[in-house]
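What follows is a set of notes on a single structure, which appears directly below.
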Amino acid sequence: MNYRIAFLTVDWNYELVESTLHGLKQYAEEHEDVQLCVFDCFGKDVDTPNSRSEYAIFDLADLSRYDGVLVQGNQVVLASVREEIARRIGEAGIPAVTVDCPIPGCTLVGIDNRQAQFEITEHLITEHDAKRLVYVTGILDNGCPEARQRLEGFQAACEKHGITPLEVIPATWRTDDGAKLAERWLSEGREMPDAFLFANDEMALGMIGALEKNGYRIPQDVRITGFDNLASAELSSPRLSTVSRDNRKLNYLAMETLMSKIRGREPRETVMPHGVVCSESCGCRESARPEYIRSQYFNQTRFLRSFYIAQNQMAEQMFEASDLKELARIVEKNKQVFGCDKVYFCVNDYYYDNYDKTQWQHDSETFGEEMVLTEWEDGEERQVRFPTAGLLPEEVMERERFLVFYPLHYNTYSIGYLAMNDISEAAKMNLHESIFSFLEIAIENVRKKCLLRQLNNVLDDLYVRDSLTGLYNRFGYKRFGYQIFTAFMLEEGGVQVFFIDMNDMKTINDRLGHEFGDSALCETARILRESCGPRDFIMRYGGDEFLVIASPKNKRLQQDIHEAVHALNGGGVPYELSLSIGAVRLERGDKRTLDECVQIADAQMYEKKNQRKASRGETAR
């Protein structure tokens, strides 16, 4: 692949983005020398921490690694995000193209929004004698001229025909804007205008639904128009009159324009043709194509039936997952929900390695330096760590020619990202975002579940261990001592039990203080740990007494302990450590219990301790 292209977009208008991606994929399929990496998210038109976490996907694209970048500028609603994109394009110094919204350093490709809105407004005036007009805008103050150009087209048509608009109402492109405007209009008891003209289909469809719910007929009581010609506009009843543009062709053309720039030609701004759909909602006769409705209904019904079954199955499996490895396997098994051949589930290294948020990197809203990818090939697990800047392991990037990257985050902190090698049909029906919400909640559920398990293990460990030495305590003896004793007898044909007492502990405490007494206890614990085997059980039996349940194979254990004590005393400690040890050794068939062995070893230890005192002229206890 000779050319690597980045495409940046925001999936807030699902139909537009889905048709856009198909145009780009078509170009990649027809040009084998092109690899296309799409960076998509569900960012909104408000600058909130959660929205910024979505837009972080653009940071994943290191533009210096690309030959060119294409931006769906009219979908990137936040001006601050577009400004940051422009800055990065300038730093990378690579050819760039933007769709329907000017961005510094980018060649513009789009439709003539002003002329398109002029034409549909003039149609209402001249063909339907509509003079009392209300226009509902998109976002006017975010630096993208698309909404303002459409408003100017409306105003120009009104001025040409000597009409003063009843009202121009600012709005934000959302379906709710149209529905809320209808409810407010009705609650105020205002007379209906001849027509409501909306800057996009979403708002127009919102108003149609709200008015019909209240008994109003379109177009008999009021005419309504939109802009974009979404599939939902044609499927609506009445069919929505609107402006049509072919997003698939538009973005294919944008790719051609970008490739011309990459090859050294500097194309001018390109204007894509548009059309005006004069249909039922404005009073024209053109209705939805029956064959199109049948096809859409059949395909959507069939898809939704299988989709919801598959999604519910995946959700159940996800919320039962015990760790991220299992969750990655569930994603791979349910890739049909995502609508692609391959799903790459990439998790930040700091997230994967430590479920405790307090231990994460300072800026946990961004991606880590490395990603962890868990895959299954023919049932075999494969875990790969790779630099985040590479997006995916090198061999995967060499293989895939079309990839779509989506951010994974919970609230404001980053989890990682998901990469897909195809376009999900769910995206067109506003279902894609719900899939990612399921996944993100499931990931957070796994994190909390694992963290709770870790904390319980810590608490459990504290319960069975002595706080000073870290060795097992009496609770640990009851829980594990008997098990280990039995396991050695069954698996190794015997067992050793040692009862150990520190000599002269009172002298150390009285002469040097309890701090050195504690030090002597800890040194004894260290010596026992280093002398014993990994399966051996070691406990602080009480005060200055210790118990060891050991493998029968280590016949030098008592000698190793005494040698380690001798080495410690020769190392300059301010006290002399000395241990009295009683030992019992059992062979296979010996019926003595652990408690009996402890009693015998304890008696032997005291016998040696008394012998030591007697040899030193001390009074035996």
Side-chain angles (χ1 to χ4, degrees), residues 1-10 16-17 19-40 58 61-77 79 81-119 143-150 152-153 227-229 243-275 401-402:
M1 291 173 282
N2 300 325
Y3 302 103
R4 194 177 184 196
I5 308 300
F7 175 65
L8 311 180
T9 190
V10 180
L16 291 180
V17 172
S19 59
T20 291
L21 293 182
H22 279 291
L24 298 175
K25 188 183 178 190
Q26 179 184 349
Y27 188 92
E29 289 173 345
E30 294 175 2
H31 298 80
E32 294 183 356
D33 58 347
V34 170
Q35 181 190 54
L36 189 58
C37 295
V38 176
F39 300 90
D40 195 0
F58 295 160
D62 180 357
L63 297 186
S64 65
R65 292 172 169 249
Y66 292 85
D67 298 293
V69 58
L70 178 62
V71 185
Q72 196 169 12
N74 62 330
Q75 288 290 107
V76 184
V77 182
V81 177
R82 290 197 307 275
E83 290 166 4
E84 176 62 15
I85 291 171
R87 184 191 65 77
R88 293 178 57 206
I89 289 172
E91 284 184 356
I94 58 174
V97 170
T98 179
V99 177
D100 262 333
C101 179
I103 293 177
C106 301
T107 300
L108 177 64
V109 175
I111 68 167
D112 188 337
N113 285 283
R114 188 181 188 279
Q115 181 62 28
Q117 189 65 65
F118 177 93
E119 290 175 12
C144 180
E146 188 176 52
R148 191 161 295 281
Q149 288 168 352
R150 294 179 189 180
E152 290 171 355
F227 198 114
D228 286 330
N229 196 31
V243 171
S244 67
R245 58 177 175 183
D246 191 327
N247 274 290
R248 189 166 182 156
K249 287 183 179 178
L250 177 61
N251 286 275
Y252 190 99
L253 174 62
M255 277 296 299
E256 288 186 325
T257 304
L258 179 59
M259 293 307 297
S260 294
K261 291 188 72 171
I262 291 172
R263 294 186 175 104
R265 296 188 293 274
E266 188 59 45
R268 296 180 178 178
E269 292 185 357
T270 304
V271 178
M272 179 86 174
H274 63 268
R401 292 184 47 245
F402 180 83

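Excluded from the calculations below are hydrogen atoms, water molecules and symmetry mates; all remaining heavy atoms, backbone and side chain alike, are included.
When all heavy atoms of A6 and Y66 are compared, the pair lying nearest together is N-CD2, 3.5 Å. In this structure, L108 and P102 approach most closely via the heavy-atom pair CD1-N, 3.9 Å. Residues M255 and L36 share a closest heavy-atom pair of SD-CD1, 4.3 Å. Pairing each heavy atom of C101 with each of G73, the nearest pair is CB-C, 3.5 Å. Nearest heavy-atom pair across C106 and I89 is SG-CD1, 3.7 Å.
Atoms CG and CE, on D33 and M259 in that order, are 5.5 Å from each other to the nearest 0.5 Å. To the nearest 0.5 Å, the span separating CG on L24 from CG on L258 amounts to 10.5 Å. Separation of atoms OG1 (T257) and CZ (R268) is listed at 13.5 Å; rounding is to 0.5 Å. Taking CZ of R88 as the start and OG of S64 as the end, the distance is 9.0 Å to the nearest 0.5 Å. One finds the CG atom of L250 at 7.0 Å from the OG1 atom of T20 (value rounded to the nearest 0.5 Å). The CZ atom of F227 sits 7.0 Å away from atom NE2 of H274, with the distance rounded to the nearest 0.5 Å.
The shortest distance between side-chain heavy atoms of L253 and T270 falls below 4.5 Å. Counting heavy atoms from C-beta on, the side chains of H22 and Q26 never come closer than 4.5 Å. Within the 4.5 Å cutoff, side-chain heavy atoms of D228 are placed close to those of R245. Taking 4.5 Å as the limit, some side-chain heavy atom of V38 sits within range of a side-chain heavy atom of F402. When side chains are defined from C-beta on, V76 does not count as touching I103, because their heavy atoms never get closer than 4.5 Å.
Proximity of a side-chain donor or acceptor of Q75 to a complementary backbone N or O of V10 within less than 3.5 Å is detected. Side-chain N or O atoms of K261 include none that pairs as donor or acceptor with a backbone N or O of P267 at under 3.5 Å. Checked by atom type and distance alone, the side chain of D100 pairs as donor or acceptor with a backbone atom of I111 at under 3.5 Å.
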Derivation of the side-chain contact (heavy atoms from CB on, under 4.5 Å) call for R148 and N113 = CA-CA 9 Å; R148 191 161 295 281; N113 285 283; over 6 Å; no

Tell me, with the steps shown, if L21 and F7 meet side-chain contact (heavy atoms from CB on, under 4.5 Å).
-> CA-CA 10 Å; L21 293 182; F7 175 65; 4.1 Å; yes

From CA spacing to verdict: side-chain contact (heavy atoms from CB on, under 4.5 Å), I85, V69 = CA-CA 10 Å; I85 291 171; V69 58; 5.9 Å; no

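Residues forming a ring pair (Phe, Tyr, Trp, His ring centres under 6.0 Å) with Y27 (at least two apart in sequence, or on another chain): H31, Y252.
Comment: E84 engages R87 in a salt bridge, judged by a side-chain N to carboxylate O separation of less than 4.0 angstrom. A salt bridge does not link E146 to R82: none of the charged side-chain nitrogens sits closer than 4.0 Å to a carboxylate oxygen.
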